[in-house]
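Each remark here refers to the structure printed beneath this line.
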Amino acid sequence: MKTLADRYNPQEVENKIYQWWEKSGYFKAEDKSTKPPFSIILPPPNVTGFLHLGHALDHTIQDLLIRWKRMSGFNTMWLPGTDHAGIATQSVVEKELKKTGITRHGLGREKFVEKIWDWKHEYGDRIYGQMRRLGDSCDWDRATFTLDEGVSQAVRKVFVTLFKKNAIYKGLRLVNWSGPLETAISDLEVEHKQIKSFIYHINYPVDGTNEFLTIATTRPETMLGDTAVCVHPDDERYQHLIGKTVTVPLINRKIKIIADTYVDKEFGSGVVKITPAHDFNDYKIGKTHKLEFINLLTKKCEMNENAGPYQGLKVIEARKKVLEDLKALELLAKEEPHVNSVGHCSRSGAVVEPFLSEQWFMKMNDLAGPAKRVVESGTIRFEPESWTKVYLHWMNNIEDWCVSRQLWWGHRIPAWLCADCEKNTVSETDPTTCEHCGSQKIKQDEDVLDTWFSSALWPFSTMGWPNTESHSAETQQTFYPTNYLVTGHDIIFFWVARMIMMGLEFKKDVPFRTVYIHGLVRDSQGRKMSKSLGNSVDPIDMIEKYGADALRFTFLAHLYSGKDLKFSEQRVEGYRNFMNKVWNGSRFVLSNLHDFKVPVEGVNALPSKTEISVFDQWIIAKLAEVEKQVHDCLEAERFSEAATALYQFVWNQFCDWYIEFTKPIMNSSNAAEKQATQLVMAQVLNRTIRLMHPFCPFLTEEIYANLPIKGEACII
RNA sequence: AGGGAGUUAGCUCAGUUGGUAGAGCGCGACCCUUACAAGGUCGAUGUCGCAGGUUCGAAUCCUGUACUCCCUACCA
């Protein structure tokens, strides 16, 4: 036996061990097996991204579960993948190109998409390398990218099927719009920031009288698109004006005074201007009162021809000019300072404008019903349970999903518009003629699908659906539904809910049984980690400094029921020390087994009680306790409790007491007594190491390799 | 505004059926005792946010209240 260094050195061990695991095929799942299945699909990280602490936490939990189940005799499949992340990736590559003076439009769609693929090929596997550093025991052969051929097939089949059921339609709607990116964006991509601004009170002359109606607004430029002003039906001040008209200053359009209970009599002047094409609330009013929708903006968010003299100005410039002109007309009654939260595009930083545009939508009501019921009935369980309420609340307020994005990177919408009959041909395979009139003048829709569309199909598209050849069929048969979905609470609606709906619709079964929601990783002061704050920590740095096992143990030991986790390096250092303690305890045991004879009874045989001392009996009893505790805690997803139990057993019981006890025995001349204790300590170490393996796989595997008592690899 | 979570030792947090307050880090003293100084032994530290209530007994249950945080929606 070689001599082991008196300090555990992760750098020397981790790479070597990981390569050996991978080469030996330990992570591979079997499509057909007599073992019970256990599967997890990894939430796919952004293909251009780096592994951050949030991923590291997320992956550690999944790897713990997978390794534990694998060691418990399950046929485990942990399927890795990456996401094309449409808007995020496109803007990253676009920014890079800009540095060399090239614009997306200058390059053209085809060339630009090629550039992104180049980028993907260059950096797409970077995150897989980082996952290996962490010890993720994924079945790499099954790694999937959301733009892979198989996934594309799934996407098309789902789109076409839903379209034929009238569950997907095209319509003119108000959406969040990012000017710089020239696309609709999802609510998730909108960040609200508190902005100090003003409320402007503007006088609208009432036609045929000398009266004014004073309206208040934070966005005066939108008045150019006003198509009504609204008062509360019970407001006595304005009863006599309902039904009359006012003239919008600057553009001199006559618009009606309408009444709706939406207006708060107490707020401001009690009169609201209605701009249905540029405000979500006004949009609803516009719909109910059948108002005209006047769009004021171009796709770049500049004022368009409907803005008259303001055409060509940016929103902010238009605002300034409108105010100046109002002042000149003495129609600006007053301005008050005001703080309100304004939506910003999380990718470009620009202010998000509500913008009227033609988009594809998915009807959600019919899909939501079953998805609610499986959670209500407990077929899908949220852990912690409190997220159930959040989920159901969202599902009860569900709205149709805008699935189209005006991007170039993503799954292109499988719809071909006919120039002759102006109808769409929606098809799984590229058509050559219009299915309505037979014309050949058809052109594919320019838009791509929201990234979350392909994400929603992830649990089964990764398993080969809709392909029915035997291999995929077996994979689905064995591993669908998966056992766990592990993710943060920020995407319960955007992702978790949609996977449930799609799984039920297309696989007739839930995509997973348990949704384990963990908290977010924050800095030691509880702030969000971000580049701009300079407080973000690179998990790879932590791994290099303290080892992957220490980082993993840190997460697991502080993972309490969905709470956010404040990350401090000091803590990683503490668990690094613990790893070293395990190392040295093992080293002591190993150094005392030189003359130990492995019993013929087998590797798991423990000496009978009569042959061993009370200390031996005590440590065996304690080991049994901690084994049960760890098992129970993992079953109940109480990871920190399991980690703490291990920590205390190893340090306070095995090292502090038991090892001290064995020292005189190891020096004893009584060979039988020594052999008995050697067997106990070897066996206890063996079982402890295996118990710890899902928590700190590298260290334990390295120790296991040196144990005289064992079967095969630790992880089996 | 609505919803959720939290308030326990200097710091970060445990404390699952109510029964004499716990861990890690940090701090103090002493130890190179043949696995480990990334270590060992010993030690100090808390009216468990505040106020009531239920109980023989409450950090734990109930009511109220203060403060903090998160999510969703934002008032023209």
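Side chains are part of it too, since the values below use all heavy atoms of this structure and drop only hydrogens, waters and symmetry mates. Keep in mind it's a predicted model, so treat the numbers as computed, not measured. Throughout, a chain's letter reflects where its sequence line sits, starting with A, and its residues are numbered from 1.
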(message) Taking the six-membered ring for Trp, are A/F493 and A/Y391 closer than 6.0 Å centroid to centroid?
(response) no

(request) Name all residues meeting the ring-ring contact (aromatic ring centres under 6.0 Å, His included) criterion together with A/F588; count only those two or more places apart in sequence or in a different chain, and write none if there are none. (result) none

(request) May I have the distance from A/R587 (atom CZ) to B/A38 (atom P), rounded to whole angstrom? (result) 14 Å

(message) Can you identify which nucleotide, out of B/C36, B/C70, B/U72, has its nearest atom closest to the A/K581 side chain?
(response) B/C36

Shorter than 3.5 Å, N or O on both sides, protein versus nucleotides 41-44 of chain B: list them out with atom names.
none

(message) Please tell me whether A/F212 and A/Y204 form a close aromatic pair, meaning their ring centres lie under 6.0 Å apart.
(response) no

(message) Using OP1 and OP2 only, check whether a side-chain N or O of A/K663 sits under 4.0 Å from B/A35.
(response) yes

(request) Treating a pair as Watson-Crick (purine N1 to pyrimidine N3 plus N6-O4 or O6-N4) or G-U wobble (N1-O2 and O6-N3) with both distances under 3.5 Å, list the stems of 3 or more consecutive pairs that involve RNA chain B. (result) B:1-7 with B:66-72, B:10-13 with B:22-25, B:27-31 with B:39-43, B:49-53 with B:61-65

Between the protein and nucleotides 73-76 of chain B, list the N/O to N/O atom pairs that are separated by less than 3.5 angstrom.
| residue | atom | partner | partner atom | Å |
| --- | --- | --- | --- | --- |
| B/C74 | N4 | A/S341 | OG | 2.4 |
| B/A76 | OP1 | A/H338 | NE2 | 2.8 |
| B/A76 | OP2 | A/H338 | NE2 | 3.3 |
| B/A76 | O3' | A/T217 | OG1 | 3.4 |
| B/A76 | O3' | A/T218 | N | 3.4 |
| B/A76 | O2' | A/A216 | O | 3.2 |
| B/A76 | N6 | A/D264 | O | 2.5 |
| B/A76 | N6 | A/F267 | O | 3.1 |
| B/A76 | N1 | A/D264 | N | 3.2 |

(request) Name the closest nucleotide to the A/R571 side chain, picking from B/A35, B/U72, B/U12. (result) B/U12

Show the distances under 3.5 angstrom between N or O atoms of the protein and N or O atoms of nucleotides 2-5 of chain B.
| residue | atom | partner | partner atom | Å |
| --- | --- | --- | --- | --- |
| B/G4 | OP1 | A/K389 | NZ | 3.4 |

Between the protein and nucleotides 25-31 of chain B, list the N/O to N/O atom pairs that are separated by less than 3.5 angstrom.
| residue | atom | partner | partner atom | Å |
| --- | --- | --- | --- | --- |
| B/C25 | O2' | A/Q570 | OE1 | 3.0 |
| B/C25 | O2' | A/Q570 | NE2 | 3.4 |

(request) Rounded off to whole Å, could you give me the CD-to-P distance for the A/E569 and B/A38 pair? (result) 16 Å

